Amino acid sequence: MNFFQRDIETMPRKELEALQLARLRHLVDYVDRNVPFYHKRLAEAGVTADKIKTLSDIQYIPYTTKADIRDTYPFGLFAVDRKKIVRIHASSGTTGKPTVVGYTKQDLDTWSECVARLTMAAGASEDDIVQICFGYGLFTGALGLHYGLEKIGATVVPSSSGNTEKQIMLMKDFGTTALVSTPSYAYYISEVARDIGVDPRTLNVRLGLFGSEGCTPEMRQKIEEAWNLFATDNYGMSELMGPGVSGECRERCGMHFAEDHFLPEIINPETGEVLPRGEQGELVVTTLTKEGIPLLRYRTKDITRIHYDTCACGRTHARMDKPTGRSDDMLKIKGVNVFPSQIESVLIAIPQVGANYQIVLGTKNYMDTFEINIEVTDAALLDHYGELEKLQKLVHHKLQTVLGLDAKINLVQPRSLERFQGKARRVVDNRVK
Amino acid sequence: MITKQISIFIENRHGRLAEVTDIIAKNGINIRALSVADTTSFGILRLIVDDPERLEGILRENRITASITSVLTVCIGDKPGALVDLLRKLEDIQIEYMYTYISADGGDACIILRVDRDEEAVHRLTAAGFRGPDKI
Ligand SMILES: [Zn+2]
């Protein structure tokens with residue numbers, strides 16, 4: 001079993017929680033003194049550092065939301081002088097301004113340490129040649145993994161995203177052993193490899209470090225089969241730091257937080273109340289050690305559950321389940337609440353369906369329309385015309401029985417769905433709001 | 001009597017059939033026979049061409065789902081009742097066909113059939129005096 005910092009990663013929970021409490025008190029004092037926004041918020045709530053006596057006292061601190069970061073665009077939440085900021089990242093806003101974060105030298109060290117931990121927990125080491133197929137730039141994914149993997153001594157190939165045939169050539173020529181990408185791009189590379197006559201299973205890639213978008217167990221299995229690799233997930237978001245917030249160990253029974261740097265909570269997304277340990281709800285994270293842009297109780301919008309028992313790998317740091325969706329992503333279709341991941345689970349279980357599908361929502365006669373476009377990739381379906389119709393009916397029937405939704409199923413040409421080399425665009429919502 | 005046929009998935013989108021046939025024409029491949037089956041939402045284009053292997057490669061490069069299957073081509077001549085004779089014969093020898101279409105390339109009318117056991121069908125149809133075209 002490989003550890004980057006065994007002492008910290010296996011620290012008894014009592015000690016770990018004492019460390020978290022000390023850091024939380026320090027943090028409250030730090031933002032109170034250095035961030036006018038928090039000074040005002042904390043004063044309104046009547047919270048000061050010495051009022052925090054136990055970890056559960058955190059509940060008296062108000063939440064921070066993405067809107068708070070946007071409203072103070074670009075540097076309003078920074079806690080240090082701009083001169084101490086050595087790096088800026090930003091996540092693209094779907095509307096308006098991006099969410100901007102800044103890192104001090106110390107923050108970059110912490111970041112690469114957290115990523116180093118999770119990549120070693122996933123099974124990476126200095127023996128690996130790792131190809132990073134995330135787009136470099138303002139996005140935190142690529143550089144986050146990049147520095148963490150260098151820290152453990154792996155050979156990093158910053159190939160970025162795009163130019164998929166060249167990616168495959170590099171994999172072959174360099175003998176790449178590990179792949180960093182989104183799950184959907186990993187699957188896409190395997191499809192392109194087959195198209196150009198390269199069987200991905202014959203390449204050396206044995207480990208997948210996937211992140212930046214969700215991945216259902218079914219999708220993971222498809223990727224593992226396509227590549228003959230061991231797939232692991234990691235989790236993070238630029239507001240909190242980037243990748244490195246949590247990641248899976250070889251047991252793959254949840255993603256271990258770097259709990260000495262991040263304090264997680266689960267809340268009811270509707271009422272905002274803290275839920276008892278073990279319940280499912282929205283993940284809220286406090287950054288315990290960040291200097292550049294520390295955040296108190298940041299609402300991630302991701303729906304998950306946290307486990308606190310010691311993992312079989314020996315790590316004591318809590319583990320989160322793969323998010324089942326984002327409270328933002330939940331779709332209300334014809335009055336039924338569904339996460340896109342639930343639809344994916346149904347589709348991937350049908351062997352003739354490509355892993356690529358798109359959900360298209362619209363409005364007709366003031367009612368929701370719900371259509372699913374499925375790529376026909378299986379040439380065997382073309383022999384009998386009836387096979388295609390049978391497939392259409394099967395998909396319709398499964399969605400009907402599992403989700404109670406009536407969908408119109410469209411069969412489309414492979415690779416005709418809109419596709420990004422980063423995140424797959426699974427849902428197109430054209431509904432009249 | 002056995003020929004290779006290409007089946008192509010055609011999405012029901014305006015101009016899609018033209019796109020596919022354009023790719024075929026641009027690559028200098030000759031279509032000898034063609035059938036399109038479609039519903040409102042998609043179709044299957046079946047083709048007999050002069051170089052099916054090359055066409056399959058071209059289609060794959062263009063990310064078009066296609067498959068190659070073997071079909072029978074049987075001459076039915078120009079005389080009335082010839083098609084009926086052939087279909088009766090197939091029934092006699094218990095060969096099931098899934099679809100048929102006509103190729104009239106070069107004068108001699110041929111029927112193209114997708115059957116379940118081609119080797120046996122060839123053998124028995126030849127014995128009954130049917131023949132395939134000289135070239136396709
Ligand atoms: Zn573990």
Side-chain angles (χ1 to χ4, degrees), chain A residues 164-165 168 187-199 351-358 360 362 369-396 406-419 421 428, chain B residues 3-23 34-49 52-53 55-72 96-101 112-118:
Chain A
T164 306
E165 293 190 13
I168 295 160
Y187 192 72
Y188 180 72
I189 301 174
S190 75
E191 287 183 310
V192 174
R194 282 215 178 76
D195 283 344
I196 59 171
V198 176
D199 178 359
Q352 304 91 327
V353 176
N356 296 302
Y357 65 89
Q358 196 167 46
V360 184
T369 59
F370 174 38
E371 302 189 11
I372 295 190
N373 293 336
I374 290 172
E375 292 182 344
V376 176
T377 50
D378 185 355
L381 290 167
L382 300 180
D383 204 19
H384 303 262
Y385 195 76
E387 293 296 318
L388 288 169
E389 285 179 323
K390 225 164 50 194
L391 177 63
Q392 245 180 338
K393 285 200 186 99
L394 178 71
V395 174
H396 179 267
D406 212 16
K408 179 169 179 276
I409 311 299
N410 305 315
L411 300 181
V412 300
Q413 189 63 40
R415 326 291 153 81
S416 59
L417 302 178
E418 189 174 354
R419 201 180 304 242
Q421 305 220 285
V428 178
Chain B
T3 314
K4 294 254 162 67
Q5 168 193 261
I6 300 246
S7 302
I8 303 168
F9 177 77
I10 302 283
E11 186 186 324
N12 190 10
R13 182 156 52 79
H14 186 72
R16 186 67 202 165
L17 183 58
E19 272 169 50
V20 175
T21 45
D22 190 43
I23 289 169
L34 164 158
S35 109
V36 189
D38 66 351
T39 64
T40 49
S41 56
F42 55 81
I44 298 176
L45 171 65
R46 303 194 193 279
L47 297 172
I48 306 292
V49 297
E53 276 82 14
L55 178 57
E56 199 200 17
I58 291 163
L59 292 171
R60 192 180 313 127
E61 275 164 35
N62 284 279
R63 313 241 147 113
I64 292 170
T65 304
S67 71
I68 289 199
T69 39
S70 296
V71 289
L72 298 188
E96 280 186 41
Y97 63 92
M98 288 163 254
Y99 49 80
T100 66
Y101 52 104
I112 294 151
L113 302 129
R114 170 88 171 102
V115 299
D116 54 352
R117 305 187 303 280
D118 16 317

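The sequence lines fix the lettering, A, B, ..., with proteins before strands; numbering per chain opens at 1. Everything numeric here is computed off the predicted structure, so don't read it as measured data.
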Asker: Can a salt bridge be assigned to the pair R63(B) and D195(A) using a cut-off of 4.0 Å between side-chain N and carboxylate O?
Answerer: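 Answer for the salt bridge query: yes.
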
Asker: Side chain from CB out, backbone as N, CA, C, O: work out which of these in I68(B) comes under 4.5 Å of a heavy atom of chain A, or both, or neither.
Answerer: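 The answer is neither part of I68(B).
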
Asker: Side chains of S7(B) and R46(B): any donor to acceptor distance under 3.5 Å?
Answerer: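 Per modelled atom types, R46(B) and S7(B) side chains form a pair under 3.5 Å.
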
Asker: Of the backbone (N, CA, C, O) and the side chain (C-beta and beyond), which part of I409(A) lies under 4.5 Å from a heavy atom of chain B, both, or neither?
Answerer: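 When you check distances to chain B, no heavy atom of I409(A) falls under 4.5 Å.
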
Asker: Going from CD on E191(A) to OG1 on T164(A), what distance comes out if it is rounded to the nearest 0.5 angstrom?
Answerer: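 Answer for the CD-OG1 pair, E191(A) versus T164(A), is 10.5 Å.
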
Asker: State plainly whether the residues K4(B) and E56(B) are in salt-bridge range, i.e. N to O under 4.0 Å.
Answerer: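 Salt bridge absent between K4(B) and E56(B).
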
Asker: At a heavy-atom separation under 4.5 Å, does N410(A) approach chain B through its side chain, its backbone, both, or neither?
Answerer: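 No part of N410(A) comes within 4.5 Å of chain B.
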
